[in-house]
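Worth saying up front: this structure is predicted, and the values here are computed from it rather than measured. Ligands are counted one by one from 1 in listed order, and the atoms in each one are counted from 1 as well.
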Amino acid sequence: MSETWFTEQHAASGSSVGFRVRATLHEETTAYQRIAVYDSTDWGALMVIDGCMMVTARDNFLYHEMMTHPALYTHSTPRRVVIIGGGDCGTLREVLRHREVEHAVQVEIDERVTRLAERYFPELCEANGDARAELRFEDGIRYMADCAPGSVDVVIVDSTDPVGPAEGLFNEAFYRSCFRALGAGGVLVQQSESPLVHLDLIRSMRAAMRRAGFGACATLPFPQPSYPTGWWSCTLARKGTDDFADFRAADAAARPFTTRYYNAGVHRAALSAPEFLVQAFAGG
Ligand code: SAM
């Protein structure tokens with residue numbers, strides 16, 4: 001009996017990542033992108049956008065925890081959070097685990113991503129009904145440009161790769177909007193692709209963040225088996241200080257919720273960049 005596999009072919013690294021699938025659960029083309037959902041034999045449900053893996057039920061905790069907790073434990077009092085993209089709602093769920101958060105807005109351009117997540121990844125959407133959550137369906141670039149100055153504590157950019165609707169989320173103009181919207185001590189975090197393959201992109205993101213006014217950046221690598229090369233990263237920028245080592249480690253250690261990957265030690269270790277990244281980012 002022949003097997004069916006979904007394979008993401010990643011031209012930039014000349015490699016592919018594949019999953020054995022039992023069934024195609026859904027396929028549609030929206031105004032923004034092509035979305036597919038598969039049922040895999042070993043990784044649970046898979047969501048794929050424009051041929052790129054977004055979420056698997058099995059390993060999304062790595063990404064969602066690292067996109068959320070380092071940024072929220074870096075800010076002294078993260079009360080107002082904006083998530084740009086993030087339509088699968090996994091980042092929103094992690095953000096709302098923090099009791100200090102009073103309001104979390106998820107600004108996803110494509111409502112269909114969230115509707116399909118509600119259907120096929122209900123566990124990621126379990127906090128959508130939280131009174132502190134606001135789900136908006138609009139362009140995150142416009143939303144950040146219109147944000148009142150100083151009205152946000154943490155911006156999380158949980159977007160697709162820098163093509164199509166997400167292209168404008170990786171440039172200086174967008175980071176300027178984020179910088180203006182953030183209050184004193186505000187933190188920006190953005191998914192920054194694979195350190196093994198996308199170093200030029202990460203370097204250009206960091207340079208653009210600095211030009212937009214942020215003092216310094218920290219790129220935190222983490223494993224992500226379902227993404228190209230199996231290794232991914234997020235890049236943090238902080239308003240008003242260059243220090244990332246002074247995160248709220250005691251609060252992280254005593255966090256009143258369960259995580260599967262993140263803890264204070266993982267946070268500290270992720271701040272210790274591997275040697276090739278130290279060299280790549282020397283001087284910024
Ligand atoms: N974990 C994923 C990754 O790194 O591959 C990201 C997942 S999340 C589903 C990405 C979302 O960003 C998509 O649902 C997409 O619709 C959304 N997005 C892309 N461009 C956007 C924009 N300009 N404004 C708001 N959302 C955007």
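- Y227 counts as a contact of ligand 1, since one of its heavy atoms falls under 4.0 Å from the ligand.
- Heavy-atom distances between Q33 and ligand 1 reach below 4.0 Å in at least one pair.
- Cation-pi check for R206 over F281 is met; the charged atom lies under 6.0 angstrom from the ring centroid and within 45 degrees of its normal.
- In summary, the atoms of ligand 1 found under 4.0 Å from a heavy atom of S159, numbered by their order in the structure, are 3 (C), 4 (O), 6 (C), 10 (C), 12 (O).
- When only interatomic distances are considered, the shortest N/O to N/O separation between D88 and ligand 1 does not fall below 3.5 Å.
- With a 4.0 Å cut-off on non-hydrogen atoms, I109 touches ligand 1 through its backbone as well as its side chain.
- Under the 4.0 Å criterion applied to side-chain N and carboxylate O atoms, R248 and D251 are assigned as salt-bridge partners.
- For ligand 1 and G140, the ligand atoms under 4.0 Å from any heavy atom of the residue are 22 (C), 24 (N), 25 (C).
- Per-residue contacts place V107 under 4.0 angstrom from the following atoms of ligand 1 (heavy atoms of the residue considered): 25 (C), 26 (N).
- Heavy atoms from both the backbone and the side chain of M54 come within less than 4.0 Å of ligand 1.
- Close approach to A166 involves these atoms of ligand 1, each under 4.0 Å from a residue heavy atom: 19 (C), 20 (N).
- Every atom of ligand 1 with a heavy atom of D158 under 4.0 Å away is listed here by number and element: 1 (N), 6 (C), 7 (C), 8 (S), 10 (C), 11 (C), 12 (O).
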